[in-house]
Amino acid sequence: MSVSDLIDQLRESVGPTSVFDPADLPSATTDVRGVHQGAAVTIVRPATTEEVAAVVRICSDHGAVIVTQGGNTGMSGGSVPVDDESGRPSVIVLLDRMNKIESLSPDGFWATVEAGVTIEQLQAAASAAGLMFAPDWGARGTATIGGAVSTNAGGINVLAFGPIRDHILGLEVVFPDGQTWNGVRALRKDSSGYDIKHLIIGSEGTLGIVTRVTVKLLPAISHESTAMAAIVSISDLAEIARLARAGTNGTLTALELIPEMGVAAVVDKLGWPRPLETRADWYVLIRYGGSDPVNSDLAEFLQRAVNRGLLTDAVVADSRRQEEALWLLRDEISPPGLMPHNKLALKMDAAVPIDRVSDFIDAVEATCRDLAPGAAPYIFGHIGDGNIHVHVLPGESDVDTFLGIKPALGRALDQRTWDLGGTISAEHGVGQELIDRIIGQKPAIEFEMMRNIKRLFDPDNLLNPGKTIPRQPAS
Ligand code: MLT
Ligand code: ZN
């Protein structure tokens with residue numbers, strides 16, 4: 001059957017206005033960093049679960065593979081096609097039309113929504129009901145709950161509330177044979193056997209297409225206070241984090257590391273005033289939240305940390321606007337759109353045990369100095385979770401020299417991460433970015449189990465091929 005038959009049948013099934021030529025939607029075939037691009041023969045925008053199931057059956061009949069896409073904000077290239085090894089055509093399925101909040105229970109603390117609902121939409125709906133959907137990160141306006149489920153996304157609130165996995169009560173999933181599994185449940189406890197939803201969470205669209213989600217909501221936080229503080233030495237991070245956790249009867253809801261390189265770039269790009277006059281190599285952004293005011297807790301923590309020689313200076317947001325400005329700065333420090341040569345960077349999304357963050361940063365800096373002198377490791381992120389983003393930029397080195405050393409540098413940095421008991425994929429998934437690198441992280445038996453699970457769900461490798469599961473190495 002030809003590609004034009006495939007497209008004709010898709011048009012017949014979901015309607016001609018829901019089937020697009022990729023040339024008319026170029027943003028769907030490139031990832032947000034502009035690093036991964038992939039060809040698709042068509043892009044389909046189903047509006048219902050039934051339409052998703054019909055699209056899956058048609059693609060299966062025509063031997064086409066399916067790449068499901070949410071907000072396309074993923075950092076590992078999981079949401080754009082790769083060239084299929086067996087030459088099968090790729091179809092991108094966009095779930096942006098499935099954007100309804102179906103129901104929200106203020107007493108049950110849950111909401112059931114379609115997969116294309118954005119994180120911001122979900123946060124707003126929860127907030128209107130006096131509740132909170134806790135997961136949060138910079139791309140909240142575009143990232144969708146379906147995409148977040150697929151990557152087990154993280155963000156700045158993981159420290160207090162856990163990754164997306166901890167916020168999902170139920171799922172509806174269309175499997176590669178076109179069957180729909182209705183696992184939309186609002187249970188807090190269920191010990192009735194294998195938990196299929198946890199297999200789907202983090203599977204990056206390789207096992208099924210998530211179409212509806214029931215999320216957990218939390219009571220809204222009534223009081224928050226945020227500060228930005230200049231750090232004396234990066235080797236003190238564990239002590240700063242320990243003091244910060246102990247410093248409130250409320251909750252430490254965020255602890256983020258910000259490098260001066262990031263502050264300077266954001267201030268320069270947006271023409272903002274510097275948030276803190278004092279300059280240091282590194283800063284922390286810290287937030288307390290609670291049902292009682294937490295301002296004095298934060299002020300006391302900062303004073304204690306200054307007295308112990310851990311911090312030199314700090315600014316506490318004294319208005320909602322100032323607080324938002326500090327978090328906007330955090331949203332802006334991700335390299336795409338900020339750092340020159342971002343596309344060439346060696347990117348890491350590592351996590352190590354929370355008491356080893358300083359060791360990890362030292363190891364990254366030392367390895368870069370040894371192997372790629374002149375390169376600039378840009379390091380920031382969620383130190384409260386031990387999750388550090390590293391984008392090694394060419395810096396002052398010659399671009400070709402940098403690109404020549406990049407693979408060896410990647411291998412060395414991955415090994416340093418594993419030596420510290422870490423992971424090279426904390427919250428961005430594996431996608432295509434890490435597919436060859438992840439093989440060193442786990443025992444072979446773990447990958448073999450993943451391959452077996454994939455075969456069980458998707459024997460024809462129809463869904464998002466070339467992602468998540470590394471190929472078996474030649475023996
Ligand atoms: C962030 O925390 O800003 C992101 O996960 C993105 C990044 O690694 O650049
Ligand atoms: Zn992050």
Side-chain angles (χ1 to χ4, degrees), residues 31-36 70-79 119-120 134-144 147-148 150-167 202 204 228 253-259 261-263 265-266 269-270 282-287 326-352 354 357 360-361 364 376-393 410 413-414 417 422-434 437:
D31 79 326
V32 67
R33 293 161 58 220
V35 172
H36 300 288
N72 199 14
T73 59
M75 305 283 286
S76 298
S79 53
I119 301 303
E120 193 168 68
D136 188 39
W137 57 90
R140 64 185 75 76
T142 319
T144 63
S150 297
T151 54
N152 186 25
I156 50 185
N157 287 338
V158 171
L159 171 62
F161 304 109
I164 279 286
R165 187 179 292 286
D166 296 352
H167 300 269
E204 299 184 284
M228 181 166 168
T253 57
L255 185 63
E256 296 283 318
L257 181 69
I258 312 265
M261 192 175 161
V263 175
V266 174
K269 176 182 159 196
L270 300 174
W282 303 96
Y283 308 87
V284 279
L285 255 184
I286 165 168
R287 185 176 60 208
L326 288 178
W327 286 108
L328 260 179
L329 176 109
R330 170 62 186 88
D331 286 351
E332 293 288 339
I333 66 167
S334 182
L338 183 68
M339 292 293 167
H341 294 312
N342 146 68
K343 288 187 198 175
L344 308 180
L346 172 69
K347 173 190 165 294
M348 295 187 81
D349 165 37
V352 292
I354 56 175
V357 171
F360 173 77
I361 294 173
V364 168
Y378 179 59
I379 301 172
F380 65 96
H382 321 290
I383 47 168
D385 316 319
N387 175 195
I388 319 298
H389 300 305
V390 180
H391 297 244
V392 185
L393 299 154
L413 290 174
D414 291 350
T417 309
T423 171
I424 61 168
S425 175
E427 62 169 12
H428 294 168
V430 173
Q432 47 184 303
E433 177 88 15
L434 295 182
R437 287 163 60 186

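Order of appearance sets the numbers: ligands from 1, and atoms from 1 within every ligand. Treat the numbers as computed from the prediction; the structure is a model and nothing was measured. Positions are given from 1, in the same order as the sequence printed here.
If you number the atoms of ligand 1 from 1 as listed, the ones under 4.0 Å from a heavy atom of H382 come out as 2 (O). Those atoms of ligand 1 that come under 4.0 Å of a heavy atom in R330, given as number and element, are 1 (C), 2 (O), 3 (O). In the vicinity of H391, heavy-atom distances shorter than 4.0 Å reach the ligand 1 atoms 7 (C), 8 (O), 9 (O). Heavy-atom proximity to H389, at under 4.0 Å, picks out these atoms of ligand 1: 1 (C), 2 (O), 4 (C), 5 (O), 8 (O). Residue M75 has at least one heavy-atom neighbour below 4.0 Å for each of these atoms of ligand 1: 6 (C), 7 (C), 8 (O), 9 (O). Close approach to P335 involves these atoms of ligand 1, each under 4.0 Å from a residue heavy atom: 9 (O).
Between K347 and ligand 1, not a single N/O pair is under 3.5 Å apart.
K347 and H428 form a side-chain donor-acceptor contact under 3.5 Å, judged by distance and modelled atom types alone.
At distances below 3.5 Å, at least one donor-acceptor pair connects side-chain atoms of H167 with backbone N or O atoms of F161. Put simply, the side chain of N387 never gets that close to the backbone of A426: no donor and acceptor are under 3.5 Å apart. The closest donor-acceptor contact from the side chain of D31 to the backbone of V35 lies under 3.5 Å. For the pair E204 (side chain) and V430 (backbone), a donor-acceptor distance under 3.5 Å is present.
Taking 4.5 Å as the limit, every side-chain heavy atom of Y378 sits out of range of all side-chain heavy atoms of V392. Taking the side chain as every heavy atom from C-beta outward, T417 and T423 never approach each other to under 4.5 Å.
Annotation: cation-pi pair R330/W137 absent, no NZ/CZ under 6.0 Å from the ring centroid and within 45° of its normal.
Closest to atom 6 (C) of ligand 1 among all protein heavy atoms lies S334 OG, 3.5 Å. Scanning the protein for heavy atoms near atom 5 (O) of ligand 1, the closest one is H428 NE2, 2.7 Å.
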Verdict with reasoning, E256 to V284, per side chain to side chain contact (heavy atoms under 4.5 Å, CB included): CA-CA 5 Å; E256 296 283 318; V284 279; over 6 Å; no
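Each of E332, K269, M261 was checked for a side chain to side chain contact (heavy atoms under 4.5 Å, CB included) with L338, and the lone residue meeting it is K269.
Contact annotation for F380 and ligand 1: only side-chain heavy atoms (C-beta onward) come within less than 4.0 Å of the ligand.
By the criterion of a separation under 2.8 Å, the protein N/O/S atoms near the Zn ion (ligand 2) amount to H382 NE2, H389 NE2, E427 OE2.
The aromatic rings of H389 and F380 are tilted relative to each other, their planes meeting at an angle between 30° and 60°.
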